[in-house]
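Structure, as structure tokens:
Any value given below was found using the heavy atoms of this structure, including those in side chains, with hydrogens, waters and symmetry copies removed.
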Amino acid sequence: MSSIIDIHKATVYRGETCVFSDFSFALQEGEHAAILGPNGAGKSTLLKLLAGGVHPLPLDETHVRLFGEEGGNVWDVRKRLGLVSHDLQRDYLICAEGVNVILSGFYASNDTYEYQAFSEAQVARAREVMKELGVESLAGRRFGHLSTGEQRRFLLGRALVHEPSVLVLDEPTSGLDLKACFQYLDLLRAQIRKGKTVLLVTHHLHEIPPEIERVVLLKGGQIVADGSKANLLTDVNLSWLFDQPVTLVRANGWYQALPG
């Protein structure tokens, strides 16, 4: 298997705050993983590191390689790495029409612009993705007039339109009602079945589908455990991770946390 993400001994600052010190993480093609941690653990910084929004200190032992390359074109990486984040949803232009949200994925932009050209095949691909995600009837609706769940679907479509091999999802069901949550998770599972590699970054246990077996526990900017879901997701581990007594419930390969 080829390496998709290879972060080695990265030290990353956000302002004057050191978020990561000698941070290392790797993900191989075809390997699904969930990075689980509380707010402030470093999840958002990791996403920004993958998207090229922040950079590690240029130390001799440090490297950040995506798809085996270091220091590649950030726009090329964003096309190969389908990223759906809260930052993207918050910052996306509210005036963009639904179909243009999907098309913008070809340029990793936050709307479509006059200087961007789209082929008939690309437009057809956008229509195909909207149909697959059940949002084709909203093609002409402006992004700011969509519900949270509808926005999330369009942004997923934006990530999928250029058929990346990897999806990176940031708390994908946050803010969704129960029906929209379950529907979105069904869409995610369908992408896994199609062969997409999925990296899920979250603090919600219910977002981890049965197909994801590897769990990485992140706390205080450090990976404190990395292994199988069955071994790591325990009452004791999660109570310590979140500094709160937790009781786990398991059903049909899904996990949920209840007060301990």
Check the side chains of S2 and E29 for a donor-acceptor pair under 3.5 angstrom, ignoring hydrogens and angles.
yes
Beyond-backbone contact of L83 with L50, side-chain heavy atoms, under 4.5 angstrom:
no
Considering all heavy atoms, the nearest Y184-L176 contact:
CB-CD1, 4.1 Å
Indicate whether the side chain of T45 and that of R14 have a donor and an acceptor atom separated by less than 3.5 Å.
yes
When you check the side-chain N and O atoms of H203 and E171, is any donor under 3.5 Å from an acceptor?
yes
pair V135-V129: side-chain heavy atoms closer than 4.5 Å:
no
Got a donor-acceptor contact below 3.5 angstrom from the E207 side chain to the T173 backbone?
yes
T112 side chain to S104 backbone, donor-acceptor under 3.5 Å:
no
Could you go step by step and tell me if R125 and E128 meet the side chain to side chain contact (heavy atoms under 4.5 Å, CB included) rule?
CA-CA 5 Å; R125 171 62 182 159; E128 177 186 346; 3.3 Å; yes
Do V246 and D235 pass the side chain to side chain contact (heavy atoms under 4.5 Å, CB included) test, and can you show the C-alpha distance, the side-chain angles, and the key distance before you say yes or no?
CA-CA 6 Å; V246 171; D235 296 356; 5.5 Å; no
When the ring planes of F143 and Y92 are compared, do they come out parallel, tilted or perpendicular, using 30° and 60° as the limits?
tilted
Measure the NZ-CG distance between K131 and L133 for me, rounded to the nearest 0.5 Å.
12.5 Å
Indicate yes or no: at least one non-hydrogen side-chain atom of I5 is less than 4.5 angstrom from one of L66.
yes
Closest non-hydrogen contact found for V198 with H32 is N-ND1, 3.1 Å
Following the transitive rule for hydrophobic clusters with a side-chain heavy-atom cut-off under 4.5 Å over Ile, Leu, Val, Met, Phe, Trp and Tyr, establish whether M130 and V123 coincide in one cluster.
yes
Treating Ile, Leu, Val, Met, Phe, Trp and Tyr as nodes and any side-chain heavy-atom pair under 4.5 angstrom as an edge, say whether F106 and L93 lie in one connected cluster.
no
With a 4.5 Å heavy-atom cut-off, do P164 and R80 have their side chains touching?
no
Evaluate the criterion side chain to side chain contact (heavy atoms under 4.5 Å, CB included) for residue pair R158 and L88; output intermediate values, then yes/no.
CA-CA 11 Å; R158 175 184 180 272; L88 176 62; 3.4 Å; yes
Any side-chain to backbone donor/acceptor pair from R142 onto C95? Under 3.5 Å, distance only.
yes
Interatomic distance, CG@L27 vs CZ@R214, rounded to 0.5 Å, equals 6.0 Å
Determine, using the 4.5 Å side-chain heavy-atom cutoff (strictly less than), whether V19 and Y13 are members of one ILVMFWY cluster.
no
For the atom pair CD (E31) and CG (L199), what is the distance rounded to the nearest 0.5 Å?
9.5 Å
Is there a donor-acceptor contact under 3.5 Å from the side chain of S109 to the main chain of D111?
yes
The test is side chain to side chain contact (heavy atoms under 4.5 Å, CB included); show your working for L185 and W254 and say whether it passes.
CA-CA 11 Å; L185 290 172; W254 297 89; 3.8 Å; yes
For the atom pair OG1 (T11) and CZ (F20), what is the distance rounded to the nearest 0.5 Å?
10.5 Å
Minimal heavy-atom distance between V84 and A159, with the atoms involved, is CG2-CB, 3.8 Å
Please round to the nearest 0.5 Å and tell me the distance separating atom OG of S85 and atom NZ of K43.
13.5 Å
V215 and I192: same hydrophobic cluster, using ILVMFWY side-chain contacts below 4.5 Å?
yes
Under a 4.5 Å cut-off applied to non-hydrogen side-chain atoms, are N252 and P210 in contact?
no
Contact check, side chains of F154 and L146, non-hydrogen atoms, under 4.5 Å
yes
Which of N237, L233, L232 passes side-chain contact (heavy atoms from CB on, under 4.5 Å) with L36? Answer is L233
So do I208 and Y255 actually touch side chain to side chain, heavy atoms under 4.5 Å?
no
Within the supplied structure, the quantity of interest is the number of heavy atoms (other residues, nucleotides, ligands) at a distance under 6.0 Å from R127 CZ; does it exceed 12?
no
Answer yes or no: are there more than 12 heavy-atom neighbours, outside E61 itself, under 6.0 Å from its atom CD?
yes
Could you state the interatomic distance from CD1 (I102) to CG (L155), rounded to the nearest 0.5 Å?
8.0 Å
Distance-only check: which donor-acceptor pairs under 3.5 Å involve side-chain atoms of residues 52-60, not counting sequence neighbours?
residue, atom, partner, partner atom, Å
H55, NE2, G52, O, 3.4

Where do T197 and Q28 come nearest, in terms of heavy atoms and distance?
CG2-O, 4.0 Å
Would you say the side-chain atoms of D170 pair up with the backbone N or O of H86, donor to acceptor, closer than 3.5 Å?
yes
Side chains of E132 and Q191: any donor to acceptor distance under 3.5 Å?
yes
Work out which heavy atom in P172 is nearest to a heavy atom in L200; give both atom names and the distance.
CD-CD1, 3.3 Å
Should the ring pair H206 and H204 be called parallel, tilted or perpendicular, given that the plane angle runs from 0 to 90° and is split at 30 and 60?
tilted
Can you give me the closest heavy-atom contact between P38 and L218, atom names plus distance?
CD-O, 3.5 Å
